[in-house]
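Report on the following structure.
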Number of protein chains: 2
Amino acid sequence: MADGGNNGDGAGWVTMGEVAVRAGVSPMTVSRVLKEPDRVRPATRERVERAIAELGYVPDAAAGALASRQSRLVAALVSTLAGSIFASTIAGLGAALREAGHELLLGTTEYSSASEEALLRAVLGRRPDGLVLSAGQHTPAARRLLERATRGLAVPVVEIWQLPERPVDMAVGFSNFAAGRAMTAFLADLGYRRIAFIGVLGPDDFRGKRRHAGYVEVLAEQGLGPPRTFGSGGFGGSAGAGASVEEGAAGLAAVLERWPDCDAVFCGSDPIAFGAITEAARRGIAVPGDLAVAGFGDFDYAGDAGLALTTVRIPGERIGRETARLLLERKAGRLPEPVVVDLGFELVRRRTA
Amino acid sequence: MADGGNNGDGAGWVTMGEVAVRAGVSPMTVSRVLKEPDRVRPATRERVERAIAELGYVPDAAAGALASRQSRLVAALVSTLAGSIFASTIAGLGAALREAGHELLLGTTEYSSASEEALLRAVLGRRPDGLVLSAGQHTPAARRLLERATRGLAVPVVEIWQLPERPVDMAVGFSNFAAGRAMTAFLADLGYRRIAFIGVLGPDDFRGKRRHAGYVEVLAEQGLGPPRTFGSGGFGGSAGAGASVEEGAAGLAAVLERWPDCDAVFCGSDPIAFGAITEAARRGIAVPGDLAVAGFGDFDYAGDAGLALTTVRIPGERIGRETARLLLERKAGRLPEPVVVDLGFELVRRRTA
DNA sequence: TTGAAAGCGGTACCAT
DNA sequence: ATGGTACCGCTTTCAA
């Protein structure tokens, strides 16, 4: 219906100049209508807005970015999307950014045959206004790139999820160590004395190791004997949750063989806990009657209608939104200092412990 | 260590011009080293490459996009990241794109208070080389935008997951209808005669409705009586999986009340199946002894170490990679015709049916 | 309140 | 094999 009529080449995008011609103004005025409507006389503004609508004009963000030196792009690099670990965080981040007129560039390192450096390089080429990293995965080459990028805070960085001891810049998340402590202490308070731990403790998975360290410390403090740990090598990060379920099953079998008297198992993740519970059922072991099981993550299926798992809940979406907030604040010139935000976690007691 | 030394302002990025100066060549030669290395004499190329490394030069993609009219960006708009429905598809898509030098721009419509149109508009502003849509969610305003964008195939579009009857352009996925048929027929072959269906059949969730339609058709064909359907209103698309688990539990309760004699339940999704199985356990109903349960999706926890759920597996990652392939082929000028790729699905028999 | 000119950092195209 | 020049579409800056 409403069609410009000129520009018959078909595949082209409408430019600001074309809008300007149609509205009988200069391109600058069109630009102002878009960015600072108040500085344009209402009558003019209206004509321009009509031209924009009629032509279906959508401004070219790349051109805008080049001229204004603001990409309005935030890049998030996470290890994986699987297992819904980061899903809610990414969703929250994306939603908050979009509300502020920014877009989310997503990179996952999971299947990446290419190095983390290649990903980072590609992403930095986009000149993002912010960089979100799921911490603890920086290879040497990547670290060098990162340092160049953040030199003088050219690109603000937020490390999410696990709070790093020495943050690159800002950080939003929680302490896996504290969470590991909290759940272990909680189990101890419940009266369990022989608490085992099943988790992925491979060389790369330093988050799991932090949770485990918390577990070990509480055991020592409360005189609950030496740790009963079953740690698989794992694939680091957050390998497929399906694999974790199997590890949980295998882990419980191993634990029961070595420590047949144990009365509780703290699992490093909900999928692991799922596997452990399945294995317990297979052996006729009542949960929590004979054996209590606790998880970590509060995944979708952990609720009362599902596993009814006692676990630790991480405020994933809030981490995402808070990350967006910090990035935008920093960009706006407020918040010049690096900040570390601990959003904590929540113990959720259900029926397995 | 290796630092350019000039350009002391701190927050700036190294430009191609600076690299050129350092290497003693023109910017064009630097550009060639990056894009068509073969057309540069090895000695020159080496000098340029050294300059690039020493300066830590990362080309500005926005400038490149503007000049070349190629953003090397593919935008994917999905309803949600939760429940790991699209996670593997997005991961596969992103990985395949990156291998070809493209980046993934992600948009989710889930929490979006803004309309789908706003999202689409923001994304089109980036002039993506391709658009990936989880089908069936186009509002009128969005559809108009889409049509403008795809007019003359300016932006190739791939609709994923559910194969649309009238695709906008290309499509990669499977038929929910066929999948619904297949699982129902499979249950019938197994000897089940009174098969119920629990699913989300709200106004928005036309995918679930397609599966249900397949179920209904097979029932009729095989003379298995009228459908025994419990359909919740749902939130359309793929609302939180946690909610689905509860729906599964509630659904089974409702089904058993209305049709106490039923011997199998086909659930519209794995989370629903999870809830149904939980509810069955609560009632002392043996699965599959007293009641068979089948799901849809083959989520992480559906495996043998977990639910051991009989379900339908969708090749999520392959959908992502195939989507990338189509987009890149089309861009390369091959594949001028719209294509629809049916990647099918797989029946996975485990222990619940 | 509006416009003209000069880039932003690359690439296409045509010379050399 | 290499370089010069003219843009890509927008914003910044300054002038009117």
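So that the names make sense, note that chain A is the first sequence line, chain B the second, and so on, each numbered from 1.
- Using a 4.0 Å cut-off between a side-chain N of Lys or Arg and a carboxylate O of Asp or Glu, B:R325 and B:E322 qualify as a salt bridge.
- Using a 4.5 Å heavy-atom cutoff, the side chains of B:P156 and B:K331 are not in contact.
- We find that CD of A:E18 is positioned 14 Å from C1' of D:dC10, with the value rounded to whole Å.
- Between A:R121 and A:E117 a salt bridge is recorded (basic side-chain N to carboxylate O distance below 4.0 Å).
- A:E18 places a side-chain N or O within 3.5 Å of a backbone atom of A:T15 that can act as its donor or acceptor partner.
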Protein proximity profile, nucleotides 1-11 of chain C - base contact B, sugar-phosphate-only contact S, no contact -, cut-off 4.0 Å on heavy atoms
SBBB--BBBBS
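- A donor-acceptor distance shorter than 3.5 angstrom exists from the side chain of B:R45 to the backbone of B:P37, with no hydrogens or angles considered.
- Overall, the helix from C:dT1-D:dA16 to C:dT16-D:dA1 carries an axis bend of 30° between its ends, with five pairs at each end and the value rounded to 10°.
- Atoms CG and CG, from A:L81 and B:L106 in turn, are 7.5 Å apart once rounded to the nearest 0.5 Å.
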With side-chain contact (heavy atoms from CB on, under 4.5 Å) as the criterion, how do B:L131 and B:L124 come out once you've worked through the C-alpha distance, each side chain's angles and the decisive distance to 0.1 Å?
CA-CA 9 Å; B:L131 210 47; B:L124 288 178; 4.2 Å; yes
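- To the nearest 0.5 Å, atom CG of residue A:L133 and atom CD1 of residue A:I160 are 8.5 Å apart.
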